[in-house]
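Before any comments, here is the structure.
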Amino acid sequence: MRTVIVGGVAGGMSAATRLRRLDEDHEIIVCERGRHVSYANCGLPYYLGGVIEERGALILNTPEGLAARFALDVRTGTEVISIDRARQVVVVEEAATGRRYEIGWDRLVLSPGAAPFVPDVPGIERALTLRSVEDMDRIASAIREGDVRSAVVVGAGFIGLEAAENLSHAGLAVDVVELADQVLAPLDPELAQLVANELGDHGIGVHLGAALAKVLADAVELTSGVQLPAGVVVLAIGVRPEASLARAAGLAVGPRGGIKVDARLRTSDDRIYAVGDAVEKEDQLSQEPVLVPLANLANRQGRMVADDIAGKPRPFGPVRGTAIIKVFGQVAAVTGWNEKRLQATGRPYLAVHTHPGSHAGYFPGAEAMALKLLVDPGTGAILGAQGVGGEGVDKRIDVLATAMRAGLPAPSLVDLELAYAPQFASAKDPVNLLGYVVENRLNGSERSVQWHELSARMAGGALLIDARTPAEHAEGHIPGSLNFPLDDLRARRDEIAQLACTGREIIVYCQVGQRAHTATRLLAQWGYEAANLDGGYRTWSAGTSAKTALGPSGERHE
Ligand SMILES: Cc1cc2nc3c(=O)[nH]c(=O)nc-3n(C[C@H](O)[C@H](O)[C@H](O)COP(=O)(O)OP(=O)(O)OC[C@H]3O[C@@H](n4cnc5c(N)ncnc54)[C@H](O)[C@@H]3O)c2cc1C
């Protein structure tokens with residue numbers, strides 16, 4: 001039995017090595033177009049910035065090493081140019097010699113990945129993309145040879161921001177150009193703004209709502225006419241599944257342009273499997289096909305295909321798009337849907353923002369984080385989560401992604417028994433805390449208002465109370481708010497009675513929402529209709545300084 005694998009990196013190499021572990025007698029041939037197999041795509045940006053110093057560290061294995069350990073026949077510089085399904089052969093072309101020949105197969109695994117999207121604008125030939133070791137080498141020589149001092153990165157997604165940070169580490173003045181009006185599209189604007197701030201704090205120019213018009217000899221020009229100096233231009237505006245080989249072979253391609261596979265990762269021809277960035281996956285919430293080009297999924301799918309070929313089928317489940325990035329000192333992580341997507345599809349949701357510390361505040365070194373949880377108000381199901389901050393964001397999003405995968409409703413987060421010592425967490429872990437807030441909101445013991453709903457509510461007559469100290473209020477507050485520090489509320493009950501005598505709604509905020517929660521509970525017990533400004537002044541500040549409006553009453557402050 002012979003399996004031919006197209007693509008020798010994440011998905012392809014996982015399939016090859018797993019298959020060997022399961023079947024010593026199987027003939028396994030891996031065809032890789034590039035010069036390297038089994039390289040760490042995810043590490044490529046870090047070599048540019050000198051964070052990874054040894055280029056060789058990125059190349060995790062070689063054809064010789066794979067032959068010795070796994071008895072794999074790995075052919076680099078070998079592109080599969082067509083698939084003949086009737087004759088069960090692939091036609092390959094050797095880059096070095098131009099020689100074409102056929103390889104027969106019993107099973108075929110496609111793991112060709114995704115190709116960077118390149119827009120059709122004048123001068124684009126000068127722009128570089130970052131997908132392979134060869135691409136990385138090209139960017140490295142461009143920045144290390146000659147007198148290059150500036151770079152423009154087009155696209156503020158995960159790869160774009162990693163490239164921007166590392167080009168900055170390499171000593172270049174960097175500008176990031178992004179068509180959307182926020183960085184990192186999977187985040188909502190009030191969290192993305194924290195990442196944009198971090199970029200700005202490290203001297204990166206962030207140009208949002210800006211489109212590339214042309215690439216000039218030493219600059220780029222935006223459609224606004226603005227020119228940005230660009231000794232090097234890196235394009236990172238997204239990837240498209242490499243589905244052309246499959247399409248030409250008559251295999252079904254789905255609505256998002258990825259190869260269509262079933263739960264066993266079989267294409268429309270059940271002798272041919274496909275995995276990784278090239279295939280469409282099923283979204284956990286909508287059950288619709290989605291493209292999620294992430295390494296974890298490619299690796300897991302590669303393994304599952306090997307199991308299937310070896311006669312141990314195990315279905316691949318729906319995905320949540322769990323992802324993470326570090327941008328200088330800030331970590332941003334996400335799982336599931338964001339609020340923008342929930343709004344766009346009209347799906348009901350409850351949003352909760354918190355700002356816990358990474359660990360107990362009394363223990364040195366605690367770092368702040370912003371967490372956001374999106375919950376189905378009917379069932380309590382977790383719809384998505386996002387986090388931005390320092391230490392500990394990864395752990396919380398991973399726990400929430402696990403809860404989401406397990407179908408654990410958000411109120412059950414209070415029951416999670418998570419490891420605690422003051423260096424690592426608080427006795428009430430930030431994940432437990434999210435559960436408490438959701439529980440309060442779902443059982444009606446606390447009402448909330450979102451940052452983007454506030455101006456409409458105030459226009460409708462709501463009274464806005466700042467429950468922080470006078471010093472905090474003086475340092476910065478929401479226009480129109482009155483300062484009633486939490487500890488003074490009981491003593492000033494009459495003043496509140498006068499201000500809210502007509503049944504006026506009272507919205508309370510503090511820095512992050514915790515003191516305001518105590519205040520709203522008190523006000524509710526006095527008979528007022530009181531609501532907590534979710535996430536407090538911190539969320540409101542970030543949200544209103546973002547360029548993206550969220551919700552029908554999206555608001556900004558200049
Ligand atoms: C710079 C960068 C950083 C990233 N960082 C992260 C990260 O931090 N976290 C994360 O989850 N994901 C990250 N990713 C994405 C992750 O690398 C991919 O999701 C993963 O590699 C996909 O695996 P794959 O097997 O589908 O494709 P790939 O790993 O891209 O492998 C596809 C291979 O197939 C070869 N190929 C294509 N067509 C043919 C053909 N016809 N014949 C022969 N060979 C062919 C290509 O040359 C390529 O080497 C990053 C990607 C890049 C480029």
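Atoms within a ligand are numbered from 1 in the order they appear, just like the ligands themselves. Atoms considered below: every heavy atom in the structure, side chains included; atoms not considered: hydrogens, waters and symmetry mates. We're numbering straight along the sequence, starting at 1.
Counting heavy atoms under 4.0 Å from ligand 1, residue Ser111 touches it through both backbone and side chain. Using a 4.0 Å cut-off between heavy atoms, Leu294 contacts ligand 1 through both its backbone and its side chain.
Counting atoms of ligand 1 from 1 in the listed order, those under 4.0 Å from a heavy atom of Gly276 are 26 (O). Using a 4.0 Å cut-off to heavy atoms of Pro293, the atoms of ligand 1 that qualify are 15 (C), 19 (O). The contact set between ligand 1 and Ala10, taken as ligand atoms under 4.0 Å from a residue heavy atom, comprises 20 (C), 21 (O), 23 (O), 25 (O), 29 (O). Which parts of ligand 1 touch Ala298 is read off a 4.0 Å heavy-atom cut-off, strictly below it: atoms 22 (C), 23 (O).
Taking distance alone, with nitrogen or oxygen atoms compared against 3.5 Å, Gly8 stays at or beyond that limit from ligand 1. At least one N or O atom of Arg33 sits closer than 3.5 Å to an N or O atom of ligand 1.
Ion pairing between Arg107 and Asp308 fails under the 4.0 Å rule for side-chain N and carboxylate O.
At least one heavy atom of Cys31 sits closer than 4.0 Å to an atom of ligand 1. In this structure, Thr78 has a heavy atom closer than 4.0 Å to ligand 1. Taking 4.0 Å as the cut-off, Tyr39 counts as a neighbour of ligand 1 on heavy-atom distance.
Residues His26 and Thr3 have side chains that bring a donor and an acceptor to within less than 3.5 angstrom of each other.
No option in Arg100, Glu94, Glu32, Arg33 other than Arg33 meets the side chain to side chain contact (heavy atoms under 4.5 Å, CB included) test with Glu79.
Ring geometry for His202 against Phe328 counts as parallel: the plane angle stays under 30°, on a 0 to 90° scale with 60° as the upper cut.
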